[in-house]
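Chain A is the first sequence line, chain B the second, and so forth, proteins listed ahead of strands; every chain is numbered from 1.
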Amino acid sequence: MMALLKRDLAIATRSGGAAMLGVLFFLAVVAVIPFGIGPDLNLLARIGPAILWIGALLASLLGLDRLFQADREDGSLDLLLMQDWLALVATVFVKCLAHWLATGLPLVLAAPLLGLLMNMSALSTGAVMLTLLAGTPAISFIGAVGAAIAVALPRGGLLVSILILPLAIPVLIFGVSASYAAVTDPDPFWPPFMILSAIALFFAALGPVAAAAALKGASD
Amino acid sequence: MMALLKRDLAIATRSGGAAMLGVLFFLAVVAVIPFGIGPDLNLLARIGPAILWIGALLASLLGLDRLFQADREDGSLDLLLMQDWLALVATVFVKCLAHWLATGLPLVLAAPLLGLLMNMSALSTGAVMLTLLAGTPAISFIGAVGAAIAVALPRGGLLVSILILPLAIPVLIFGVSASYAAVTDPDPFWPPFMILSAIALFFAALGPVAAAAALKGASD
Amino acid sequence: MSDTTAPQGWFTSLANPTRFLALSGRVLPYLAAASAVTLLIGLYMSFAAPEDYQQGITVRIMFIHVPSAWLAMMCYSVMAVASIGTLVWRHPLADVAAKSALPIGAAFTFLSLLTGSLWGRPMWGTWWVWDARLTSVFVLFLMYLGLMALHKAMDDPARAARPAAVLTLVGFINIPIIKFSVEWWNTLHQPASVMRLDGPTIHPTLLYPLLVMAIAFTLIFFTLHFMAMRNEILRRRVSAMRRQAAQSIGSSEARP
Amino acid sequence: MQATATKLKGRRGDSVLFEDVSFTLTRGEALVVTGPNGAGKSTLLRVLAGLLAADSGRFTLAGDDGAELPVAEFTHYLGHRNAMKRELRVSENLAFWQRFQAPESGRGLSIDAAIDAVELGGVAHLPFGYLSAGQQRRIALARLLVAHRPLWLLDEPTAALDKRSDQLFADLVRAHLAEGGMAIAATHQPLGLDAVRSLELSGRHRAASASAESWS
Amino acid sequence: MQATATKLKGRRGDSVLFEDVSFTLTRGEALVVTGPNGAGKSTLLRVLAGLLAADSGRFTLAGDDGAELPVAEFTHYLGHRNAMKRELRVSENLAFWQRFQAPESGRGLSIDAAIDAVELGGVAHLPFGYLSAGQQRRIALARLLVAHRPLWLLDEPTAALDKRSDQLFADLVRAHLAEGGMAIAATHQPLGLDAVRSLELSGRHRAASASAESWS
Ligand code: HEM
Ligand SMILES: Nc1ncnc2c1ncn2[C@@H]1O[C@H](COP(=O)(O)OP(=O)(O)OP(=O)(O)O)[C@@H](O)[C@H]1O
Ligand SMILES: Nc1ncnc2c1ncn2[C@@H]1O[C@H](COP(=O)(O)OP(=O)(O)OP(=O)(O)O)[C@@H](O)[C@H]1O
Ligand SMILES: [Mg+2]
Ligand SMILES: [Mg+2]
């Protein structure tokens, strides 16, 4: 399994930076919002966490469809599927992990910079980083289900996003509300953050199983 | 050339309807936003144009990498390249056109519905539609350059987006600012819109030539 | 590598496509007639009903809005049951049922969104708000369309069946959210006034036409669903026969 | 060790490609599957590998002590595609599959030895995408050597190979059989093996007729 | 009509694959390129098709009146891959290439006739992706028939074909030559053609040495 993680990371870094793309898109999203809002710094600071979260969610969608498709096209997927059930689930889990390390983690690391652009306070930025750290893995894990369903489709990109966006809504809701709770006083930060973490754990357990089932079913 | 247009459109509609997927994706993105921002209708109306533009940009990006890569993988690209220079440029132009007809145009047509959901005024919606109509072709044409450069790279998908995002950002910015200028009073609508149109025309002329050159160079 | 022969039994024989075609062919005319008659009665009663003292004539939108909202949810439930059939019994008819219910459900959902929106304009002063009920119905609509896109994207119906069933079941969580959103969250939308444990709180002059319309919509749903299932079965048969014919020509001519 | 297929039936869409395919293979034996284009050779191999569900029938692998073994873990499948990443070096590709497919059992050649065995010494550090069609196929064959598995399922293994490599391939399979392995290959070309069993698929397909069969 | 290669030199990375490749082909003649894996056969064909630039040397096509013709427009190239869309029907695929590759010249078979010529009558309305590997290759051959072009460049044309189809292929090429066409094929298997010229690439590569050569 470590071998798989190493291979996927090597491919991601070798051929043109998945990480960089996510961050760039993230930047682009965050950069155009001020055009809509106008230069009202207070408002920007207020909606900052929400924008960061939406940007991160959308940025994670890029390239998600290739998660299994690349392996299918060169025939690797067949060999990955020739494993018993538990090993297959573990394989999917590791692939999700590699995907998150290559695309999700850079988003988390880029968040402070964007927080600066949005005029957010240090506390608020920290809260967003923490929630992104807990929430983006969940997106990778749900994404795996969509990617597995669409593995056979040549133009899966959009379909994957459509299928998983509704499922990602709870992650978004609790991620944003935890970020807000950290800065607005009466609301406590931990309850929504715990729920977010619980959702992430839930998807980390469920996603690989569902994706493995879908992959088994799609083999032809 | 008509044959090529017909073929590309047939593929787009046949395999899971790229058009319908684009619109659906657009809907999904818009549906997700209120979960992040909160259901504040005024705020939604204010950031509406920006969201619509971001959604349209993302919808065009997802799947753009396949513009030439699908042809390369099945060997069609070799045959398309066996033409003289002018015919090749025309071929690329037609492929961009087919891409825009299949993915960009439906987005423009869906914009009013989404404007309604975002509580945007009729004027604002109309402005977004007009700017999208001028701006989305530009994205297809720039995209072609990125897609051509990345055609030889196995994981071109992400790279395409990285290459074209910086080029697409001016389109995004002028599109969004023209949309806002239409509704906020002191700012005039036409200057940014004219710049947007000029960018679109420029890319329509330059894109196919650059993409054809890149394709010739990448052949191996 | 396991034995995947379908369990033989009364259930299997009942759900046999050929038998289904025969049976539904006999039932359909009656069903269609019944839906037409109920719909006419319902429409008559709706227009005969008195205007609401608060809402005026717009209250009549209710007679379309509420039944279509109910049907939108019921249709998804039918699909969820059919999906269990696909996953557990692997019966082809279950997949046919789920797939052919999709566009009908999407249509009812759209109707309920549309009428709700038309009603919201005079009542709330806006076409659309992002409250919990409206948003969850919108998500339902998106899920219908997403599933339709999934079916359309897979050229082979057999390959779409299982992923679509998994997805349908995952999305079923949305149905209780729609139903109870008005109680769990503070929304603009009406709380339930008909389907409540303590009995309906709505005035009978409005209640009876509503119920008749609901019955009419249900009958219409089943009529359409049966027709769509028959079409889907026939469509699959035609494509099967064409492919079959092609392959036999291809291989027999090539190898005398 | 013994591989047994009992009354396998395979279907694509609505046509039954083969029915009643039964055979038994023991250590040192090879089976060659032949038949015209579209007969269902590739489909049969995928069914044997467990990548497609058989419509009915079973394929099992039994150890020397008679205990049933999981097919997927004792089988190498080599399909039309090579299962190698174009952007990784040849050695990285092979190292990955070695670690992935044979985590602990020490058997199997080292990467360099396997590359030498397919007579491509020197390409180890090239990205896989730089190799010619035949060289790529030979590296794909080298994968079977780096991790030892007793049963080889080979789909047109010699496609794109030159004559010398055909010979090389035959030698590799012979060595594998001599060591007590088994092989099942689908092919249109004589593989240069002697004393192999053969299975011919006719290419005449039957429509799946019984109604329940039709769209499951 | 005459095809002439003069002192072609082809390079991949830093090794020179072939040098001084010269030949002349006239109507009715065929050339078979052979050589071990990695010798540069595919590279040579791509150079001839104009898909890769030759390092030096020229390949030209002259009409019957001696005027030079654009190679790309008078040549069919059939590579390893089939240039067909999996999601389109066989007939749509062929119709597209017919319109694209032979816009006005009336020559070339109709779609149905071409499909019949490769003995796959009846598959016209199936999506291309449904066909087996060999059937797909035969449809790719049918493309050469729907639009008439005098020179055929074929890279391992019989890969994945069964024996009967090999024969069929030989007949098609023979008919093309008899009509005054020309063909250049790279292959490992005997093509069943008689009286063809042949060109053997040795597979011994020279490092590109002169400094100017190294990174141009
Ligand atoms: C697009 C906007 C709307 C949507 C998506 C929507 C959705 C729904 C749904 C799903 C139900 C069924 C609830 C259940 O069975 O518990 C329902 C019922 C109902 N809706 Fe709407 N609605 C919308 C707008 C409106 C408006 C504007 C009104 C009137 C002010 C309204 C009045 C009602 C009433 C009276 C019921 C019946 C509640 C009951 O008796 O259970 N709706 N709506
Ligand atoms: N993914 C698929 N979906 C539907 N039908 C398929 C699929 N793949 C193959 N078929 C059909 O199944 C039949 C057998 O295909 P298969 O690939 O097993 O043949 P084969 O014996 O390997 O032929 P070849 O020698 O050409 O490789 C063919 O008629 C083909 O049309
Ligand atoms: N895209 C490429 N980039 C760099 N080098 C390449 C590329 N393609 C092929 N080569 C190298 O060029 C040489 C010749 O390859 P080519 O594909 O022409 O051989 P071939 O004679 O067709 O062999 P085969 O019989 O295996 O198809 C090989 O050594 C290969 O490593
Ligand atoms: Mg095959
Ligand atoms: Mg070659």
Side-chain angles (χ1 to χ4, degrees), chain A residues 1-21 63 66-99 102 148 151-152 154 212-220, chain D residues 10-13 42-43 45-53 61 69-89 91-104 111 127-129 136-137 139-140 143-144 146-147 149 151-153 155-156 216:
Chain A
M1 287 302 143
M2 273 309 294
L4 184 63
L5 188 67
K6 236 181 78 187
R7 180 188 76 149
D8 273 22
L9 285 179
I11 295 172
T13 49
R14 196 77 49 94
S15 62
M20 205 169 113
L21 172 67
R66 304 287 298 164
L67 188 58
F68 300 112
Q69 207 168 33
D71 279 336
R72 177 172 197 268
E73 276 163 15
D74 65 21
S76 304
L77 188 63
D78 287 339
L79 303 188
L80 298 184
L81 282 176
M82 284 175 68
Q83 297 184 84
D84 61 24
W85 176 248
L86 274 183
L88 179 59
V89 172
T91 301
V92 174
F93 183 88
V94 169
K95 280 191 80 76
C96 294
L97 198 66
H99 178 262
V151 68
L215 285 177
K216 274 258 179 218
S219 163
D220 77 329
Chain D
R11 192 145 61 83
R12 281 286 196 185
S42 303
T43 307
L45 286 189
R46 290 182 73 78
V47 166
L48 295 181
L51 292 167
L52 272 180
L61 213 59
L69 302 172
V71 175
E73 279 162 43
F74 285 79
T75 305
H76 270 309
Y77 171 76
L78 176 69
H80 286 296
R81 286 164 298 187
N82 293 324
M84 298 280 159
K85 294 285 166 197
R86 299 173 59 85
E87 52 272 63
L88 295 185
R89 298 172 198 290
S91 54
E92 286 171 323
N93 269 304
L94 287 175
F96 165 67
W97 286 120
Q98 183 174 43
R99 290 222 274 156
F100 195 84
Q101 295 201 312
E104 47 248 290
I111 310 287
F128 184 74
Q136 293 188 343
R137 197 68 180 160
I139 294 297
R143 171 173 65 81
L144 309 187
V146 296
R149 293 187 166 196
L151 177 60
W152 288 4
L153 299 176
D155 198 355
E156 293 182 26
S216 64

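- The side-chain hydrogen bond (donor to acceptor under 3.5 Å, both in side chains) search around D/Ser91 returns none, not counting sequence neighbours.
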Residues A/Arg7, D/Asn93; criterion side-chain contact (heavy atoms from CB on, under 4.5 Å); working and verdict: CA-CA 8 Å; A/Arg7 180 188 76 149; D/Asn93 269 304; 5.5 Å; no
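- Taking D/Ser42 as the reference, D/His80, D/Asp155 meet the side-chain hydrogen bond (donor to acceptor under 3.5 Å, both in side chains) condition, with sequence neighbours excluded.
- By a heavy-atom distance cut of under 4.5 Å, A/Asp74, A/Gly75, A/Ser76, A/Asp78, A/Leu79, A/Leu80, A/Leu81, A/Met82, A/Gln83, A/Asp84 are the residues of residues 74-86 of chain A near chain D, going up by number.
- In this structure, chain A has no heavy atom under 4.5 Å from any part of D/Thr43.
- Counting heavy atoms from C-beta outward, D/Arg99 and A/Leu4 have side chains that stay 4.5 Å or more apart.
- Across D/Arg81 and A/Glu73, no two heavy atoms sit closer than the pair CD-O, 3.1 Å.
- D/Gln136 is linked by a side-chain hydrogen bond (donor to acceptor under 3.5 Å, both in side chains) to nothing, counting only residues two or more places apart in sequence or in another chain.
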